[in-house]
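Let me begin by presenting the structure, written as structure tokens, before commenting on it.
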Amino acid sequence: MHPVDWAILIGLFAWIVYDGLKRTKDSNELEGYFLAKRSIPWWAAGLSVMATQLSAITMIGTTGQGYTDGMRFIQFYFGLPVAMIVLSATLVPFFYNSGVYTAYEFLERRFDAKTRSLTSLLFLISRGMAVGAVVSAPAVVLSLVLGWNLTLTSLVIAAPAVVYTMFGGVQAVTWTDVKIMVLIVFGLFAVIATALLGLPGNVSVTDGMAVAAAAGRLRTFDFSLDFTNQYTFWSGTIAAFFLFCSYFGTDQSQVQRYLTARSVDEARHSLLMSAYWKIPLQIVVLLLGVLVFVFYVFTPPPLIFSSVADERMRASAAAGEYTSLRESHDHALQERRAAALELAAARQAHDGGRIGSAEAAFRERDGDVTAVRRQAADLVKATTKDSTFTDVNYIIPNFILTQLPVGLIGLLIVAILLAATDTIAGELNSLSTATVIDFYRRWYKPVATDAHYLRVSKAVTGIWGLFACGVAVWAAELGSLIEVVNRFGSFFYGSILGVFILAVAFRRATATGAFWGLIAGMGLVAWTAAFTKVAFLWHNVIGAVTVVVVGLLLSLAEWGRESFKEDTRK
């Protein structure tokens, strides 16, 4: 990077972190450290909720998803507005008025300690794995900039987040989220502008979008009822509804955000911000990926976007075969570019018949490029013995580093790093809260000073940070990071949601029913993931329904036994 970019990166990063810590108050008290003494205005809490989602994973994983798969990923969010409305009317007032630190404290009051502990443990595992995916997103970028391996880069990124969380607590995280949201949105539009300005002079924006449409990148709706297809209208409205209800309603990383609000109404308003703005923002993010695809139709992209993997292949025993693939790729790119220019010319001439044949020709040429890239990925897997290799997460970082002007590169990288650092900090804070409140204070040391619990919390934060680094190296090679983090969550979220449904909606649900229903739900989800091809979004439905059905059956059986005993005594 240019020295100007380094100056922007270091200066802006230091200022935002300093300002966030400066705004922190009452972090020496337990309620101030974990819940900001419920003093955060609704708009700041709402932006914090959104910033947690619009993280480095969104800027890297979702945009890469848009590049390779187009706009159909937006179907994933169709269930979000309804989920937010349902949660604002149900779980938000339950949690806020109960005065709890964690969502899982409520389960002990409703059921028993073992149900609370098991649910909290499942949260800790799922969120600990998810924060590893969050660490891996900026690690991908920084590894390209510095040429470091992912392990070292992950440690470098996680370290400041751990320190930041230790000293700042949830209040520092929240106020930093507000500034980062502004920076991220600006960065997204800057990349979009760069991609549009990079189109050839004889290709308009509408021509470029026609190219994207011909490649299937603008196809949004899929109404097929295929449970193995990850993104359809039905998975986005039904299965994702269960995912969002669980994530925003029972995941401590989100619950803790709106528990910091000043009142129940402000907590509701903070949650509803996502209902209004999440889908429009995701459209922008995916559109960025599509526009980068269009840009690379006219400007030759690398065969492999990961520069580290590219250099490794050039120096490997398979270098000759790799060189041959690069030559085939260059030829396929030229053919695709020519087909795209022909399509643009046909559109400008308003020649309907010519447009149809040009679209077909472009699709065929685009398929040739995709086939060569697939061969290259297979060669990398075979050469490096890494069966999980994918470079989808390197597409946007490569574009930023090679195509953006000086100054914007530093701004975009600091946006990605800060988004990751702050999201990591928020996640670590929630992991620390659940660990200390649900386990350490509940089972080991129920009576101690706030200072003692805060010391333990800071130590626990460091432990979770190390765990996240270990997961990050593994997660970076599992595919699109936005899919990875939702795959992790979907394994646990449905079953956790099922327990809360029993707690809130069914007065006769018992502790025994909830506990064994939770185990049954997790067991069936594990079996489904291991032995079927059902898309992971539907795991949320399977888990929630299983917990509710098994929990109710066991609860009714328990009620029946108690009634029989009473009748017998009479």
Side-chain angles (χ1 to χ4, degrees), residues 59 62-75 184-221 279-302 305 329-370 372-373 392 395-409 411-412:
M59 296 184 71
T62 308
T63 47
Q65 188 86 13
Y67 181 98
T68 58
D69 208 28
M71 297 295 294
R72 74 189 190 102
F73 183 70
I74 196 63
Q75 296 174 111
I184 289 175
V185 172
F186 173 80
L188 291 174
F189 281 101
V191 177
I192 288 175
T194 302
L196 291 176
L197 292 172
L199 295 179
N202 59 339
V203 177
S204 67
V205 174
T206 54
D207 291 334
M209 298 309 290
V211 167
R217 295 303 197 277
L218 298 186
R219 185 164 63 93
T220 302
F221 295 99
I279 290 179
L281 276 173
Q282 286 299 326
I283 290 174
V284 171
V285 171
L286 287 168
L287 185 61
L288 185 155
V290 171
L291 290 174
V292 170
F293 165 78
V294 173
F295 174 88
Y296 277 132
V297 166
F298 298 101
T299 300
F305 285 95
H329 185 244
D330 292 342
H331 176 72
L333 288 175
Q334 291 173 10
E335 293 289 321
R336 185 177 71 171
R337 187 178 191 277
L341 290 172
E342 170 60 20
L343 174 56
R347 283 178 46 80
Q348 292 162 13
H350 304 289
D351 187 338
R354 186 179 163 197
I355 290 174
S357 61
E359 287 177 340
F362 176 78
R363 276 193 293 273
E364 187 174 348
R365 300 288 80 80
D366 185 55
D368 294 340
V369 173
T370 302
V372 177
R373 277 180 44 78
V392 65
I395 295 171
I396 299 304
N398 183 283
F399 180 83
I400 290 172
L401 293 171
T402 60
Q403 303 299 330
L404 263 61
V406 171
L408 272 182
I409 295 176
L411 190 66
L412 262 293

query = How long is the span from the OG1 atom in Thr402 to the CG atom in Asn398, to the nearest 0.5 Å?
reply = 4.5 Å
message = When you compare the side chain of Val284 with that of Phe189, does any pair of heavy atoms fall below 4.5 Å?
response = yes
Closest approach of Val290 to Gly66 (non-hydrogen atoms, all atoms of both residues) = CG2-O, 3.7 Å
inquiry  = Just so I know, are the side chains of Leu291 and Met209 near enough to count as touching, which here means a heavy-atom distance under 4.5 Å?
reply    = yes
Gap between atom CG of Leu404 and atom OG1 of Thr194 - 0.5 Å precision = 4.0 Å
message = Looking at Glu359 and Ala213, would you say the former's side chain and the latter's main chain have a donor-acceptor pair under 3.5 Å?
response = no
inquiry  = Less than 4.5 Å apart, side chain to side chain, heavy atoms only: is that true for Pro301 and Arg373?
reply    = no
query = Do Leu196 and Ile192 have side-chain heavy atoms sitting under 4.5 Å apart?
reply = yes
query = Under 3.5 Å, side chain of Arg365 to main-chain N/O of Ala332, donor-acceptor pair present?
reply = no
inquiry  = Test of understanding: with side chain to side chain donor-acceptor pair (under 3.5 Å), list the residues that count as partners of Arg336, not counting sequence neighbours.
reply    = Asp366
message = Test your reading of the model: is there a side-chain donor-acceptor pair from Thr220 to the backbone of Leu218, 3.5 Å cut-off?
response = yes
note = Closest non-hydrogen contact found for Arg363 with Ala214 is CG-O, 2.7 Å
key: Spacing of Thr68 atom OG1 and Arg217 atom CZ [to the nearest 0.5 Å]   = 7.0 Å
remark   = What one should report as the nearest heavy-atom pair of Ala349 and Arg354 is CB-NH1, 3.9 Å
ask   = Is any side-chain heavy atom of Leu408 less than 4.5 Å from a side-chain heavy atom of Phe186?
value = yes
task = Measure the CD1-CG distance between Ile409 and Leu401 for me, rounded to the nearest 0.5 Å.
result = 6.0 Å
key: Distance in Å, Thr299 OG1 paired with Gln403 CD, rounded so as to fall on 0.5 Å steps   = 6.0 Å
ask   = Below 4.5 Å, heavy atoms only, C-beta onward: do Val203 and Leu341 meet side chain to side chain?
value = yes
request  = State yes or no: are the ring centers of Phe399 and Phe295 separated by less than 6.0 Å?
outcome  = yes
Qualifying residues under side chain to side chain contact (heavy atoms under 4.5 Å, CB included), relative to Gln75, sequence neighbours excluded = Arg72, Phe78, Phe221, Asp222, Tyr231, Phe233
request  = Can you measure from CD1 (Ile74) to CG (Leu286) and round to the nearest 0.5 angstrom?
outcome  = 5.5 Å
side-chain contact (heavy atoms from CB on, under 4.5 Å) between Thr63 and Ile395, intermediate numbers included = CA-CA 8 Å; Thr63 47; Ile395 295 171; over 6 Å; no
query = Can you name the closest pair of heavy atoms from Gly64 and Ile396 and give their distance?
reply = N-CG1, 4.1 Å
message = Just so I know, are the side chains of Asp207 and Leu343 near enough to count as touching, which here means a heavy-atom distance under 4.5 Å?
response = no
